[in-house]
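The structure appears below as structure tokens.
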Amino acid sequence: MYDVIDAPATSNADDYQELMAPWAYNGAAVTLFLIGFFGFFLNVFVIALMYKDIQLWTPLNIILFNLVCSDFSVSIIGNPLTLTSAISHRWLYGRSICVAYGFFMSLLGIASITTLTVLSYERFCLISRPFSAQNRSKREACLAVLFIWSYSFALTSPPLFGWGAYVNEAANIRRLPTRVLIFVGAMSPR
């Protein structure tokens, strides 16, 4: 593993090692481009649609809008960095961008997964208790969104405070946190 502490402040073409075949980097670049392209434009479409029509702001759609914003942020913040790194076959950015990228991608990823969990729970309530579940308010939906982001921050912030680190993943094109799973495991019931 390539630790962020050992990462050079500036990348030089001579101080990296290709960890995958060139076709794999190119395949990753094409895939990342398609994900970024569709992730950007389809999420912009949903944001514009919800901005135009106030009637779409139901409690369930507020939570869904949180998912759209999280995924849109990934396509703006993370995808360009990973795409350019895949094209170059290595992480191009220094330590500070590494830490910021690792934090934001982890934060946005956990927020998306948690939002999907909340949406699944809401759907479960609608199916199993159809009459009582319809009484959800916009305030409760906003509190759910606040919980989602607080939970996501609690899970992804430990490396910022020295518990774990952000390191290159196996292909050396993006940064991931270490020891976050230990944190999740410590909080889950046994």
Side-chain angles (χ1 to χ4, degrees), residues 1-11 16 19 25 28-29 31-48 50-51 62-119 142-187:
M1 242 338 131
Y2 183 76
D3 198 344
V4 71
I5 295 169
D6 300 330
T10 59
S11 293
Y16 79 95
L19 302 173
Y25 283 107
T31 303
L32 287 165
F33 173 78
L34 292 173
I35 290 170
F37 179 81
F38 289 112
F40 177 82
F41 286 107
L42 293 176
N43 284 315
V44 163
F45 176 72
V46 173
I47 290 169
M50 289 194 69
Y51 178 75
I62 289 172
I63 298 169
L64 186 61
F65 187 73
N66 184 56
L67 179 65
V68 168
C69 290
S70 176
D71 290 344
F72 177 70
S73 298
V74 168
S75 71
I76 289 178
I77 298 170
N79 208 47
L81 297 176
T82 308
L83 176 61
T84 55
S85 293
I87 291 169
S88 300
H89 301 196
R90 69 183 189 279
W91 180 254
L92 295 174
Y93 310 99
R95 183 177 190 277
S96 59
I97 299 296
C98 165
V99 171
Y101 173 86
F103 171 71
F104 282 112
M105 291 304 98
S106 299
L107 178 73
L108 295 169
I110 297 293
S112 292
I113 292 168
T114 308
T115 302
L116 288 171
T117 303
V118 170
L119 285 169
C142 291
L143 287 174
V145 169
L146 180 65
F147 166 77
I148 289 166
W149 287 100
S150 300
Y151 176 75
S152 300
F153 181 78
L155 287 181
T156 58
S157 62
L160 296 177
F161 303 110
W163 192 38
Y166 293 102
V167 297
N168 278 0
E169 49 90 37
N172 201 23
I173 58 173
R174 64 187 188 133
R175 302 293 173 128
L176 298 172
T178 60
R179 299 191 196 136
V180 172
L181 291 177
I182 296 169
F183 183 71
V184 174
M187 295 190 63

Report yes if the side chains of [X] and [Y] come closer than 4.5 Å at any heavy-atom pair, otherwise no.
X      : Y      : result
Phe147 : Leu143 : no
Trp149 : Asn66  : yes
Thr84  : Tyr93  : yes
Ile35  : Thr31  : yes
Trp163 : Pro159 : no

Nearest non-hydrogen partners of [X] and [Y], listed with the distance:
X      : Y      : answer
Ala144 : Ile63  : CB-CD1, 4.2 Å
Pro158 : Ala154 : CD-O, 3.5 Å
Ser106 : Gly102 : OG-O, 2.7 Å

For the backbone of Ala111 and the side chain of Ser70, can you confirm whether one donor and one acceptor N or O come within less than 3.5 Å of each other? no

Hey, what do you get for [atom1] ([X]) to [atom2] ([Y]), rounding to the nearest 0.5 Å?
X      : Y      : atom1 : atom2 : value
Leu34  : Leu83  : CG    : CG    : 10.0 Å
Met105 : Thr156 : CE    : OG1   : 11.0 Å
Ile62  : Leu67  : CD1   : CG    : 14.5 Å
Phe104 : Ile97  : CZ    : CD1   : 10.5 Å
Ile110 : Thr117 : CD1   : OG1   : 9.5 Å
Thr114 : Leu155 : OG1   : CG    : 7.0 Å

Partners passing side chain to side chain donor-acceptor pair (under 3.5 Å) against Ser150 (at least two apart in sequence or in another chain): none

For Asp71, what residues pass the side chain to side chain donor-acceptor pair (under 3.5 Å) criterion, not counting sequence neighbours? Ser112

So Phe103 and Phe153, would you call those rings parallel, tilted or perpendicular, with 30° and 60° as cut-offs? perpendicular

Quick check on the 6.0 Å ring-centre criterion: do Phe37 and Phe41 meet it? yes

side-chain hydrogen bond (donor to acceptor under 3.5 Å, both in side chains) between Ser88 and Tyr25: does it pass, once the steps are laid out? CA-CA 8 Å; Ser88 300; Tyr25 283 107; over 6 Å; no

Under 3.5 Å, side-chain donor or acceptor atoms of residues 72-81 against the rest of the protein: list the pairs with distances, not counting sequence neighbours.
| residue | atom | partner | partner atom | Å |
| --- | --- | --- | --- | --- |
| Ser73 | OG | Cys69 | O | 2.8 |
| Ser75 | OG | Phe72 | O | 2.7 |
| Asn79 | ND2 | Leu32 | O | 2.8 |

